[in-house]
Trainee: 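Supplied in structure tokens, the structure appears directly below.
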Amino acid sequence: VKNKATIAAIKEDNERVIHELYNSSQAKFVNWIKGKYKIAPQEACLEIYQRSFTVLYFNVKKGKLNDLDASIETYLFGIGKMVVREWWREASKYKEDDLNEAMEDLSKIDLFGDALNQKSDKFELTEQLAKGMNEIGEPCKTVLQLFYWEQNSMEAIAIKLNYKNEQVAKKKKYLCLQKLKEIMRD
Amino acid sequence: MNATEEEINLFDDLLSGTAEGKAAFNKALTNDPSLAQKLIDYQNFKSAFEASEILAFKNKLSSWEHESSSKTNVFKLWFGAIAAGLAIIFGVSYFFFPSPSKESLIAGNFTPYDNVITVRGNKVDMDDAMNAYQHKDYQKAIEFFQELPKNELSVFYLGESYMALKKYDKAIETYRQFSNPDHGLYEVNTFHLALAYFANSDDELAKKLFEKIEEEQGEYASQATALLRYL
């Protein structure tokens with residue numbers, strides 16, 4: 001029941017639950033990374049933890065982790081193992097059979113390498129967009145979030161935001177895109 | 001990306017996958033071949049935008065990290081002083097205040113739950129009510145919540161508003177309508193229902209519910225255990 005409640009809360013973006021989950025698993029996860037994979041720098045361990053937590057969050061949101069047999073924390077550690085594998089892949093420094101074992105339930109998850117890997121071609125644009133969205137303010141933030149992040153139709157956005165009709169919502173979205181471009185230009 | 005409003009609408013309709021969208025784009029493309037490149041640019045922009053949600057979330061995690069490290073520093077500074085103070089006060093207060101009042105127990109265990117509603121999905125209908133709630137205008141919030149269709153969120157926050165105004169019988173009546181054990185707010189709703197029973201002197205019901213919360217070992221188990229000592 002607790003797993004289900006946590007998953008429901010994550011899907012609803014209950015920040016308190018997400019924050020608590022983030023805090024409660026951190027120390028154990030970082031110690032595990034340090035002990036098992038001998039990754040010593042605290043900063044690197046935190047980066048791996050944050051990536052793993054991000055992957056967990058978005059896969060839950062996208063419905064790829066619904067009926068979990070084990071605890072959420074177990075899956076977080078399973079994802080952590082996959083993130084470590086990515087982490088080491090470039091340097092090919094670390095090869096251990098254990099790293100190649102993935103949990104069955106995690107076979108379909110997305111590690112969001114394009115978004116999180118700073119070497120991706122689009123990373124700079126992605127970073128600028130994330131910063132721009134942080135600065136743009138309402139109602140533009142919600143309009144763009146609903147369309148580009150949550151993939152709502154313009155009709156649905158008009159209903160949700162009480163716009164007169166779909167055309168008004170489209171106009172608003174276009175003006176918000178222009179505003180975002182200006183912020184990114186500055 | 002230098003597309004006009006009309007072109008962006010054309011691309012969005014095409015990318016939504018409808019036959020009409022495809023037909024309209026093909027027709028426009030025959031008149032203006034430069035649309036092909038503009039579409040590629042827009043698709044790149046769109047995928048970078050989608051990825052920015054992931055990055056924005058990760059940035060939020062980093063901000064929590066900074067928040068908690070600054071809190072830890074403040075905590076470290078104050079901890080020594082508070083601990084020393086408590087060592088002196090405890091001996092005195094133990095004799096002067098042998099048992100906390102029911103009112104202070106409720107106040108110590110109840111804080112109106114944070115506004116966790118964002119402008120997403122059908123929750124936008126709750127904006128007025130949540131706005132009043134966030135500004136601690138609980139009476140007004142109650143009026144708004146009562147107008148809304150009944151769901152877990154409107155029921156829970158209506159209960160919270162009654163509780164904040166110390167209208168415990170109304171809070172009980174409301175919290176009891178929350179029936180979905182899979183919902184993320186179920187645990188806090190149950191704990192606040194138990195607190196409302198306790199405040200309303202429905203001691204038997206409060207005891208039963210605190211025991212259940214204690215048994216389930218969830219987020220409020222330790223608070224329930226502490227409160228059971230007063231029942």
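All chains are named by letter (A, B, ...) in the order of the sequence lines, taking the proteins before the strands, and each is independently numbered beginning at 1.
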Trainee: Sort Gln128(A) into side chain, backbone, both or neither according to what part of it lies under 4.5 angstrom from a heavy atom of chain B.
Mentor: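 It is neither, since no heavy atom gets under 4.5 Å.
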
Trainee: Atom CD of Glu152(B) and atom CD of Glu12(A): how far apart are they, to the nearest 0.5 Å?
Mentor: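 Output value for this atom pair is 7.5 Å.
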
Trainee: Let me see the working for Trp64(B) and Glu15(A) under side-chain contact (heavy atoms from CB on, under 4.5 Å), right down to the final yes or no.
Mentor: CA-CA 11 Å; Trp64(B) 287 351; Glu15(A) 188 151 325; 3.7 Å; yes

Trainee: So which part of Tyr22(A) gets closer than 4.5 Å to some heavy atom of chain B, the side chain, the backbone, both or neither?
Mentor: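 Interface part for Tyr22(A): side chain.
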
Trainee: Classify the side-chain pair Gln26(A)/Glu65(B) by whether it contains a donor and acceptor separated by less than 3.5 Å.
Mentor: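 Short answer, yes.
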
Trainee: Give a yes or no on whether a salt bridge exists between Lys170(A) and Asp12(B), defined as a side-chain N under 4.0 angstrom from a carboxylate O.
Mentor: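 No, Lys170(A) and Asp12(B) are not salt-bridged.
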
Trainee: At what distance, to the nearest 0.5 angstrom, does CG of Leu177(A) lie from CD of Glu5(B)?
Mentor: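 If we round to the nearest 0.5 Å, Leu177(A):CG and Glu5(B):CD are 10.0 Å apart.
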
Trainee: Nearest 0.5 angstrom please: Arg51(A) CZ to Lys58(B) NZ, how far?
Mentor: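 Going from the CZ atom of Arg51(A) to the NZ atom of Lys58(B) covers 6.0 Å.
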
Trainee: Leu129(A) and Ser52(B): which non-hydrogen atoms are nearest, and at how many Å?
Mentor: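 Nearest pair, atom of Leu129(A) first, then Ser52(B): CB-CB, 3.8 Å.
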
Trainee: Taking atom NZ of Lys46(B) as the centre, does the number of heavy atoms from other residues, nucleotides or ligands within less than 6.0 Å exceed 12?
Mentor: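 Yes, because the 6.0 Å sphere around NZ of Lys46(B) holds more than 12 heavy atoms from other groups.
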
Trainee: Can you check whether Val55(A) reaches Ile54(B) side chain to side chain, under 4.5 Å on heavy atoms?
Mentor: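 No. Closest side-chain heavy atoms not under 4.5 Å.
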
Trainee: What's the shortest heavy-atom distance between Glu50(B) and Trp149(A), and which atoms?
Mentor: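 Nearest pair, atom of Glu50(B) first, then Trp149(A): CA-CD1, 4.2 Å.
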
Trainee: Surrounding CD of Glu147(B) (heavy atoms of other residues, nucleotides or ligands, distance under 6.0 Å), is the total greater than 12?
Mentor: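 Count not over threshold, so no.
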
Trainee: Does atom CD (Glu43(A)) have a neighbourhood of more than 12 heavy atoms from anything else shown, all under 6.0 Å?
Mentor: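 No, not enclosed.
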
Trainee: Step through the shown structure and confirm whether more than 12 heavy atoms of other residues, nucleotides or ligands are within 6.0 Å of NZ on Lys34(A).
Mentor: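 Above 12, so yes.
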
Trainee: Taking all non-hydrogen atoms of both residues into account, name the closest pair between Leu55(B) and Glu127(A) and its distance.
Mentor: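 Smallest heavy-atom distance, with atoms named: CD2-CA, 3.5 Å.
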
Trainee: Please determine whether the number of non-hydrogen atoms from other residues, nucleotides or ligands lying under 6.0 Å from atom CD of Glu155(A) exceeds 12.
Mentor: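 Open.
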
Trainee: Counting heavy-atom pairs closer than 4.5 Å to chain B, which one of Lys173(A), Met154(A), Lys131(A) comes out on top?
Mentor: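 That would be Lys173(A).
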
Trainee: Out of Asn180(B), Asn59(B), Asn9(B), return the one with the most heavy atom pairs under 4.5 angstrom to chain A.
Mentor: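 Ranked by contacts with chain A, first place is Asn9(B).
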
Trainee: Taking atom CD of Glu6(B) as the centre, report whether more than 12 heavy atoms of other residues, nucleotides or ligands fall under 6.0 Å from it.
Mentor: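 Result for CD/Glu6(B): open.
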
Trainee: At a heavy-atom separation under 4.5 Å, does Lys141(A) approach chain B through its side chain, its backbone, both, or neither?
Mentor: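 Neither part; nothing is under 4.5 Å.
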
Trainee: One pair to check against salt bridge (Lys or Arg N to Asp or Glu O under 4.0 Å): Glu53(B) and Lys61(A). What are the steps and the verdict?
Mentor: CA-CA 12 Å; Glu53(B) 182 185 14; Lys61(A) 290 266 289 181; 5.4 Å; no

Trainee: For Ile157(A), is it the side chain, the backbone, both, or neither that has a heavy atom closer than 4.5 Å to a heavy atom of chain B?
Mentor: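 Looking at Ile157(A), nothing touches chain B.
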
Trainee: Please report the shortest heavy-atom distance between Ala130(A) and Ala56(B), naming the atom on each side.
Mentor: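 Nearest heavy atoms, Ala130(A) then Ala56(B): CB-N, 4.1 Å.
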
Trainee: Going from CG on Leu125(A) to CG on Asn44(B), what distance comes out if it is rounded to the nearest 0.5 angstrom?
Mentor: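 Here the interatomic distance stands at 8.5 Å.
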
Trainee: State, to 0.1 Å, how close Phe49(B) and Met133(A) come at their nearest heavy-atom pair, and which atoms those are.
Mentor: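 Answer, listing the atom of Phe49(B) first, then Met133(A): CZ-SD, 3.7 Å.
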
Trainee: Drop me the distance from Phe57(B)'s CZ to Ile18(A)'s CD1, to the nearest 0.5 angstrom.
Mentor: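 Output value for this atom pair is 5.5 Å.
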
Trainee: Let me know if Tyr49(A) has heavy atoms under 4.5 Å from chain B in its side chain, its backbone, both or neither.
Mentor: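 When you check distances to chain B, no heavy atom of Tyr49(A) falls under 4.5 Å.
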
